[in-house]
A.B. asks: 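Quick one: the structure is below, questions incoming.
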Amino acid sequence: MTENIRGIGINTGSVNPYGNQTKGSEAKPEEKQPETVANTAQNSTVKPEDVLTYMANSAVIVNPKATTRTYDVSKYVTPEQAARIAGFVTSFEDQVAQGLIAINEMEEFDGLSEASKYEIAAAMVK
């Protein structure tokens with residue numbers, strides 16, 4: 001075995017990033033310069049509730065120009081396809097309505113909101 005580290009392939013420059021100082025000359029101690037920027041803590045004038053409200057509102061995409069659009073279905077589908085799609089939609093709406101009737105009759109779901117009841121009824125449709 002040899003005592004030569006360079007033979008192993010170790011990069012010693014990364015081990016000692018400050019470099020080797022010569023022994024003949026003394027290293028000068030660094031002169032401390034007065035700090036020009038005062039490190040003073042700033043008082044927070046923002047309430048945590050305001051920050052959380054801002055974060056919650058910024059996560060929601062609000063599109064004020066969103067209006068209900070009407071599409072010319074004849075550009076995209078044939079009349080037979082449109083009739084078939086309309087049949088699927090009415091069948092789905094009927095099944096959701098039946099699910100809502102069943103949910104409203106059960107006492108376990110009395111405390112739920114209407115949106116939750118609609119979601120459950122829509123999930124019951126197969």
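Atom set for the values below is all heavy atoms of this structure, side chains included, hydrogens, waters and symmetry mates excluded.
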A.B. asks: Go through the structure and list residues passing side chain to side chain donor-acceptor pair (under 3.5 Å) with S74, not counting sequence neighbours.
C.D. replies: D72
A.B. asks: Please name all residues satisfying side chain to side chain contact (heavy atoms under 4.5 Å, CB included) with A82, sequence neighbours left out, ordered by chain then number.
C.D. replies: V73, V77
A.B. asks: Applying side chain to side chain donor-acceptor pair (under 3.5 Å), name anything that partners T70, two or more places apart in sequence or on another chain.
C.D. replies: none
A.B. asks: With a 4.5 Å cut-off on side-chain heavy-atom distances among I, L, V, M, F, W and Y, is there a chain of contacts connecting I103 to V125?
C.D. replies: no
A.B. asks: Other residues, nucleotides and ligands only: do more than 12 of their heavy atoms fall within 6.0 Å of CZ on F109?
C.D. replies: yes
A.B. asks: Which residue pairs satisfy the side-chain hydrogen bond (donor to acceptor under 3.5 Å, both in side chains) criterion with at least one member in residues 92-106, sequence neighbours excluded?
C.D. replies: N104-K117
A.B. asks: Evaluate whether atom CD of E119 has more than 12 neighbouring non-hydrogen atoms of other residues, nucleotides or ligands under 6.0 angstrom away.
C.D. replies: no
A.B. asks: Partners of S91 by side chain to side chain donor-acceptor pair (under 3.5 Å), sequence neighbours excluded?
C.D. replies: none
A.B. asks: I'd like to know if M106 and I120 are part of one continuous hydrophobic network [Ile/Leu/Val/Met/Phe/Trp/Tyr, side-chain heavy atoms within less than 4.5 Å].
C.D. replies: yes
A.B. asks: Looking at every heavy atom in both A121 and G99, which two are closest together, and how far apart are they?
C.D. replies: CB-C, 4.0 Å
A.B. asks: Other than F88, what residues sit in its cluster of Ile, Leu, Val, Met, Phe, Trp and Tyr side chains whose heavy atoms are under 4.5 Å apart, directly or through others?
C.D. replies: none
A.B. asks: To the nearest 0.5 Å, what is the distance between CZ on R84 and OG1 on T78?
C.D. replies: 8.0 Å
